[in-house]
There are 2 protein chains.
Amino acid sequence: MSAPEVEAKDRKILSLLAVDGRMSYTDLGKATELSTSAVHQRVKRLEQRGLIKGYGATVDHEQLGRPLTAFISVTPIDASQPDDYPERLQDIAEIESCWSVAGDESYILKIRVGTPGDLEELLGRIRSVANVSTRTTIVLSTPYENRPID
Amino acid sequence: MSAPEVEAKDRKILSLLAVDGRMSYTDLGKATELSTSAVHQRVKRLEQRGLIKGYGATVDHEQLGRPLTAFISVTPIDASQPDDYPERLQDIAEIESCWSVAGDESYILKIRVGTPGDLEELLGRIRSVANVSTRTTIVLSTPYENRPID
DNA sequence: AATGAAACAAAACTTCT
DNA sequence: AGAAGTTTTGTTTCATT
């Protein structure tokens with residue numbers, strides 16, 4: 001049982017919307033050789049099928065007071081504890097992403113803060129809500145991020 | 001010389017657009033107690049100032065044939081070589097993000113592929129274009145990713 | 001599924017305060 | 001900076017193929 005194939009024109013629409021989520025149906029139609037209403041139908045279908053999960057603006061965190069990005073690898077101290085870390089951590093606003101991973105650590109978190117002091121304070125909060133040890137890797141620069149694949 | 005402060009209403013607009021990048025100016029106006037044209041002006045200004053970097057659709061990579069996500073930490077083998085790895089790696093389509101980091105490794109890459117075989121092949125390509133050693137951490141699941149902060 | 005037309009809504013532009 | 005009004009553009013629905 002495999003997922004239904006995604007058609008070439010749908011893929012084209014997806015890759016255009018991945019780059020510009022506000023592109024008009026008219027322009028999508030021109031780019032795909034389809035009428036406005038045909039594109040409209042296809043986009044609605046892609047949304048319903050969950051192939052398009054949502055639309056978001058990308059903001060400049062540096063300018064918004066959170067210039068410091070880091071990865072925090074998280075390892076449970078007591079392996080017998082229930083593994084509900086994502087839930088426990090989800091109220092911490094500074095955590096942008098949370099991945100469950102295979103390897104030495106259980107989770108990798110990506111966080112954004114203003115200053116090293118904020119990071120120190122955040123690490124304390126993470127350790128206390130979750131009883132974990134942490135390993136932090138500071139991001140120096142971001143050559144690229146969240147590039148559309150395809 | 002510091003960046004000009006971002007006003008409360010602008011922050012509100014940004015956080016609404018971060019969640020729904022296709023929200024209409026009319027609805028943004030209702031949510032911020034501003035007229036449609038005032039919101040419009042503000043959004044254009046936020047775009048010009050670079051506070052909004054762009055708008056993108058989030059696609060479901062699992063359904064699109066790339067269910068396997070991994071982090072690849074990259075360490076140069078010959079430290080005397082020029083550090084132009086982001087450039088060398090940017091033509092590799094599977095690399096979604098590239099961060100330059102402080103710590104044991106020089107770069108962290110986030111990649112998406114279809115199968116373990118594709119990953120093996122990709123690792124070979126990365127090592128050959130860049131003369132680096134790699135450490136791979138497989139993502140098992142993604143509790144959340146790219147959450148809007150604020 | 002796609003099209004074209006029609007009705008509607010929103011965006012962009014202009015002017016005024 | 002913002003409001004109000006106008007024109008232009010885009011969205012959505014529907015009948016038809």
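Residue numbers begin at 1 in each chain, while the letters A, B, ... track the order of the sequences. Since this is a predicted model, take the numbers as computed values, not measurements.
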| message | Going 5' to 3' along DNA chain C, which are the first and last nucleotides with any atom under 4.0 Å from a heavy atom of chain A? | response | C/dA1 to C/dG4
| field | Axis bend over the full length of the helix from C/dA1-D/dT17 to C/dT17-D/dA1, computed from five pairs that close each end, to 10 degrees | value | 30°
| Residues, nucleotides or ligands: over 12 heavy atoms within 6.0 Å of B/Lys9 NZ | yes
| said: Go through it in stages, so that I can follow the logic: the residues are B/Asn146 and A/Glu96, the test is side chain to side chain contact (heavy atoms under 4.5 Å, CB included), and I'd like the CA-CA distance, side-chain angles, deciding distance and then a yes or no. | reply: CA-CA 5 Å; B/Asn146 293 134; A/Glu96 190 180 81; 3.8 Å; yes
| query | When you measure from the centre of the six-membered ring of A/Tyr25, is the NZ or CZ of B/Arg22 under 6.0 Å away and within 45° of the axis? | reply | yes
| Judged by modelled atom types alone, do B/Thr134 and B/Arg127 share a side-chain donor-acceptor pair under 3.5 Å? | yes
| query | side-chain hydrogen bond (donor to acceptor under 3.5 Å, both in side chains) with A/Glu33: which residues, sequence neighbours excluded? | reply | none
| request: Step by step, work out the side chain to side chain contact (heavy atoms under 4.5 Å, CB included) result for A/Arg42 and A/Leu34. | output: CA-CA 10 Å; A/Arg42 279 172 182 264; A/Leu34 285 167; 3.5 Å; yes
| said: If I take atom OH in residue B/Tyr25 and atom C1' in nucleotide D/dG10, what distance separates them, rounded to the nearest angstrom? | reply: 13 Å
| said: side chain to side chain contact (heavy atoms under 4.5 Å, CB included), that's the test. Do B/Ile126 and B/Leu109 meet it? Break it down for me. | reply: CA-CA 10 Å; B/Ile126 290 172; B/Leu109 311 177; 4.0 Å; yes
| message | Closer than 3.5 angstrom, by distance alone: can the side chain of B/Arg88 be matched with the main-chain N or O of B/Val129 as a donor-acceptor pair? | response | yes
| query | So B/Thr142 and B/Val139, side chain to side chain contact (heavy atoms under 4.5 Å, CB included) or not? Walk me through it. | reply | CA-CA 7 Å; B/Thr142 303; B/Val139 173; 3.8 Å; yes
| said: Counting only heavy atoms and a strict 4.0 angstrom limit, can you tell me which residues of residues 13-24 of chain A come near DNA chain C? | reply: none
| message | Can you work out whether A/Arg42 or B/Thr26 has the more 5'-proximal nearest nucleotide on DNA chain C? | response | A/Arg42
| query | Residues in side-chain hydrogen bond (donor to acceptor under 3.5 Å, both in side chains) with B/Asp150, at least two apart? | reply | B/Arg11
| Between C1' of D/dA1 and CD of B/Glu7, the distance in whole Å | 11 Å
| For the student: nearest non-hydrogen atoms of B/Ala18 and B/Pro148, plus distance | CB-CB, 3.8 Å
| Strand-adjacent residues in residues 33-41 of chain A, judged by heavy atoms under 4.0 Å from DNA chain D | A/Thr36, A/Ser37, A/His40
| query | Quick check: are there more than 12 heavy atoms from other residues, nucleotides or ligands sitting under 6.0 Å from CD of A/Glu120? | reply | no
| Considering all heavy atoms of both residues, which atom of A/Ala31 and which atom of A/Leu16 are nearest to each other, and what is their separation? | CB-CD1, 3.7 Å
